[in-house]
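This is a predicted model, so every value here is computed, not measured.
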Amino acid sequence: MPQKSIFLETHNINNRASGLGTFNYELIKGLSTLNLNDFELTLNSAKPELLKEEFKDKFKYHKYNSLSRHPLFRIRKKYDLWHSVNQNIKVEPFFKTNYLLTVHDIHFVEEISSDKSSKLHKLFRKKLERATAITYISEFAKKNTHEHFNVPNVPEYVIYNGNPISALLDTSSFVSTVPVDKPFFYTIGDFIERKNYASIITMMKGIKDFNLIISGNNNKKYGEEIKKLIDDNGLSNQVFLTGKVSDEGKQFYMKNCAAFLFPSIREGFGLPPIEAMSFGKPIFLSDKTSLPEIGGDVSNYWTNFDPEYMKEVLFDGLNNFENNKTEIENQLKKRAASFDWKVAASEYLNVYKEILK
């Protein structure tokens with residue numbers, strides 16, 4: 001039987017600081033460990049040579065060109081299956097073919113426009129109409145999509161992302177650019193409003209014996225607002241921004257923090273809490289959107305963002321952790337290990353097989 005050809009629209013892969021870039025890379029890495037003999041998988045990337053260096057002949061490679069986002073310049077080669085690996089991609093197949101759509105979130109409805117005639121709505125509706133099957137990265141993403149859109153009657157699957165931390169790094173030679181001489185809380189993510197960093201900074205006004213360290217690219221409008229909030233509250237010797245960090249840096253802060261805080265109000269999935277669980281750290285999340293699915297019953301939740309209430313939940317959770325440390329650490333590490341990219345990749349491969357049967 002000839003190999004079935006599958007095109008993975010993965011051109012976001014170079015932006016590994018973003019959740020989508022991480023997703024693309026980890027999915028490919030997971031797929032590379034599987035038996036793909038019945039399939040020929042082509043990856044789309046602006047720098048295919050970097051992928052070829054890492055994955056050799058396991059895949060075929062296609063060089064991404066931004067022109068391919070325009071209908072006239074779409075990729076003309078016909079594939080048996082096209083996998084659109086996220087809902088925002090403007091690159092589409094020229095020919096009608098089997099089409100798998102992966103939905104991470106539809107944040108654009110709340111954040112950009114709820115106007116059904118807006119560009120993003122139209123783009124997403126077209127993707128839904130084209131889909132032979134749909135995968136979602138959380139039950140919440142599926143529920144939210146059904147609330148706002150008419151989803152076609154096609155097979156749907158929920159496949160959880162894996163934990164990006166597959167190996168614990170040696171962080172002993174890492175030099176922090178911010179003070180770590182005091183116990184600290186840690187968080188990491190993009191500097192966008194939904195991450196809700198303002199809530200934990202305001203909470204820090206009532207906490208004296210701990211620092212707060214926030215990693216992520218803060219050269220954005222929300223980053224400027226956060227810097228101003230820190231200054232206005234006289235917290236510049238207690239709340240520190242590291243900017244972007246390396247994997248070594250991220251693991252250093254996760255390994256050494258007193259707790260990991262993630263008060264985000266909208267997440268399609270939320271990878272950082274799982275990463276922090278790998279180190280057995282107490283986890284504090286908002287109870288919004290997909291986060292309860294990710295945190296399970298081993299995490300602590302804020303149901304609102306009143307600073308006194310948040311502080312109370314935080315210290316109750318820390319006390320409980322200290323009193324049952326070994327047991328909770330083990331539960332956290334076990335939960336982190338249950339999110340596995342090899343498992344996720346094999347579930348995607350099964351969906352490919354189902355579609356191509």
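Checked against the 6.0 Å centroid threshold, Phe39 and Tyr352 do not count as a close aromatic pair. Aromatic pair His121/Phe108: ring centres closer than 6.0 Å. Residues Trp341 and Phe23 bring their aromatic ring centres within 6.0 Å.
Taking each heavy atom of Ala133 and Val154 in turn, the nearest pair found is CA-CG2, 4.0 Å. The two residues Leu101 and Gln87 come nearest to each other via the heavy atoms CD1-CA, 4.2 Å.
We find that Glu224 and Lys227 are joined by a salt bridge, their nearest charged nitrogen and carboxylate oxygen being less than 4.0 Å apart. Using a 4.0 Å cut-off between charged side-chain N and carboxylate O, Glu92 and Arg74 make no salt bridge. By the 4.0 Å N-to-carboxylate-O rule, Lys52 lies close enough to Asp57 to be salt-bridged with it. By the 4.0 Å N-to-carboxylate-O rule, Glu129 lies too far from Arg125 to be salt-bridged with it.
In Lys63, the NZ atom is crowded: over 12 heavy atoms of neighbouring residues, nucleotides or ligands sit closer than 6.0 Å.
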List the steps and the verdict of side chain to side chain contact (heavy atoms under 4.5 Å, CB included) for Asn163 and Asp340. CA-CA 6 Å; Asn163 181 352; Asp340 186 323; over 6 Å; no

Is there a side chain to side chain contact (heavy atoms under 4.5 Å, CB included) between Ser176 and Tyr253? Walk through the geometry before answering. CA-CA 9 Å; Ser176 174; Tyr253 293 120; 2.7 Å; yes

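Rounding to the nearest 0.5 Å gives a distance of 3.0 Å between OG1 of Thr303 and OH of Tyr309.
For Lys228, the salt bridge (charged side-chain N to carboxylate O under 4.0 Å, His left out) criterion is met by Asp232, not counting sequence neighbours.
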